[in-house]
Amino acid sequence: MSQDDLAAALSAQLDGATIADLQRLSGGASRETWQFTADGQTLILQRQRSGDVRDMATEVDALRAAAGVGVPVAKIVAASNDAGALGAAFMVLTHVPGETIARKILRDDEFATARQNLTRDCAAALARLHTIDPADVPGAVEMDQMEQYRAVLDGVGAPHPTFELAFRWLDEHRPPAGRTRVVHGDFRLGNLMVDRRGLAAVLDWELVHLGDPMEDLGWMCVKAWRFGSPCPVAGVGQYEELIDAYAAAAGYPVDVEVVRWWEVLGTLKWGFMCIMQAQSHLTGAARSHELAAIGRRVCENEHDLFLALEGRW
């Protein structure tokens, strides 16, 4: 679909609004992201990439449910799973001003106040997120991630002894099953819109599912999402700050060792995601230089797993 055709299709979806300034933004592995104006209002289009088979309706339901419990999110203007409308499943959202680029959030003076507030803001947002009624996100399912990623490793067809070692540690230290909640699944710096004050919006809900809420806390602490900062929580905070703020907002205590277990599993998962995204390119399912380049990060995750298993978080 050409850019002119896309603009015309958007106008049809938005009651004949005048579409202007349509431009492609840098996007993630599973979504194309565009910015445009409709009758002068700045909006964001997210369109599903080829090869992604997830149901975008689940993401739309999650966004609406999150807004209902007070999680800061962009509002949905229009959405459809009908690929005939815009060439792929899509959603149009309000534009939330701010920054998502981690290196700017972590280093620029403009975000000095935001860095002080971000850990507490994220803890409060997660506590609200985890109150979503699973019935409001009917497409969200629960699965045993240990079994899921064990199957991935067995199907890779290449040895990864570091991952085998991590699986053994995870099996030996697995905590009791926690409460089942709606989990964002990719809550980290890079998927958060941050303004000068702190958290402005939680983005990228395509991995939403049911599970232990501690998964979101652990994922936020994975070393890859610190972007070179020595601070373990999103590059801006400490474990104790996150755990205390979440416990206060959620109204129940948090075990730091459970969060760290999920951090190890998150590091392992990101390693597998790097393999899978590179394979999407190599097999031709979704040709992308970005996906191909992600494959080189597998060894980074193996290194991070060694640090984690040695207690050098």
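Keep in mind the model is a prediction, meaning the values are calculated, not measured.
Annotation for Met193: hydrophobic cluster partners, listed by chain and number, are Val96, Leu203 (ILVMFWY side-chain heavy atoms under 4.5 Å, direct or chained). Through chains of ILVMFWY side-chain contacts below 4.5 Å, Val141 is grouped with Met143.
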Which pairs of donor and acceptor atoms, one on a side chain in residues 77-88, lie under 3.5 Å apart (sequence neighbours left out)?
{"residue": "Ser80", "atom": "OG", "partner": "Asp82", "partner atom": "N", "Å": "3.0"}
{"residue": "Asn81", "atom": "ND2", "partner": "Asp55", "partner atom": "OD1", "Å": "2.5"}
{"residue": "Asp82", "atom": "OD1", "partner": "Gly84", "partner atom": "N", "Å": "2.9"}

Which side-chain N or O atoms in residues 57-67 pair as donor and acceptor under 3.5 Å with protein atoms at least two apart or in another chain?
{"residue": "Glu59", "atom": "OE1", "partner": "Arg31", "partner atom": "NE", "Å": "3.3"}
{"residue": "Glu59", "atom": "OE1", "partner": "Arg31", "partner atom": "NH2", "Å": "2.4"}

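With a 6.0 Å radius and a threshold of 12 heavy atoms from other residues, nucleotides or ligands, His173 has its NE2 atom above the threshold. For CZ of Arg168, the number of neighbouring non-hydrogen atoms (other residues, nucleotides, ligands) closer than 6.0 Å is 12 at most.
Separation of atoms CG (Asp21) and CG (Leu43) is listed at 11.5 Å; rounding is to 0.5 Å. We find the CD-OG1 distance between Glu142 and Thr180 to be 4.0 Å, quoted to the nearest 0.5 Å. Atom OG1 in Thr267 sits 12.0 Å away from atom CD in Glu302 (nearest 0.5 Å). Going from atom CG of Asp204 over to atom CZ of Arg188 covers 7.5 Å, rounded to the nearest 0.5 Å. With rounding to the nearest 0.5 angstrom, the CG atom of Leu207 is 5.0 Å from the CG atom of Asp186. Note: Leu153 CG to Ile275 CD1 = 7.5 Å, rounded to the nearest 0.5 Å.
Here the closest heavy-atom approach between residue Ala38 and residue Ile19 is recorded as CB-CD1, 3.9 Å. The minimum heavy-atom distance between Leu199 and Leu118, with the atom names listed, is N-CD1, 3.8 Å.
Side-chain heavy atoms closer than 4.5 Å link hydrophobic residues (I, L, V, M, F, W, Y) into clusters, and following such links, even through other members, never connects Leu189 to Val183. Leu106 and Ile101 are not part of a single hydrophobic cluster, where members link through side-chain heavy atoms under 4.5 Å apart. Transitive grouping of hydrophobic side chains (ILVMFWY, heavy atoms separated by less than 4.5 Å) keeps Phe90 and Ile44 in distinct clusters. Placement of Val259 and Val236 within a single hydrophobic cluster is found when ILVMFWY residues are connected by side-chain heavy-atom separations under 4.5 Å, directly or transitively.
Of the residues listed (Arg226, Lys223, Lys269), the one engaging Asp304 in a salt bridge (Lys or Arg N to Asp or Glu O under 4.0 Å) is Lys223, and it is the only one.
By the side-chain hydrogen bond (donor to acceptor under 3.5 Å, both in side chains) test, Asp5 is found to be paired with Ser2, residues two or more places apart in sequence or in another chain being considered.
Taking the six-membered ring where tryptophan is involved, the planes of His184 and Trp205 are perpendicular, since the angle between them exceeds 60° and thus also 30°. Ring pair Phe272/Tyr149 is parallel by interplanar angle, where below 30° counts as parallel and above 60° as perpendicular.
Salt-bridge check for Glu110 with Arg196: passed, with a basic side-chain N closer than 4.0 Å to an acidic carboxylate O. One finds a salt bridge joining Asp144 and Arg174 here, because a Lys/Arg side-chain nitrogen approaches an Asp/Glu carboxylate oxygen to under 4.0 Å.
For residues 228-255, the salt bridge (Lys or Arg N to Asp or Glu O under 4.0 Å) pairs, not counting sequence neighbours, are Arg120-Glu241.
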(message) Run Tyr252 and His130 through ring-ring contact (aromatic ring centres under 6.0 Å, His included) and show every step you take.
(response) CA-CA 12 Å; Tyr252 59 85; His130 296 149; 8.5 Å; no
(request) Could you walk me through whether Tyr239 and Glu263 pass the side chain to side chain contact (heavy atoms under 4.5 Å, CB included) test, one step at a time? (result) CA-CA 11 Å; Tyr239 289 114; Glu263 180 184 334; 2.8 Å; yes
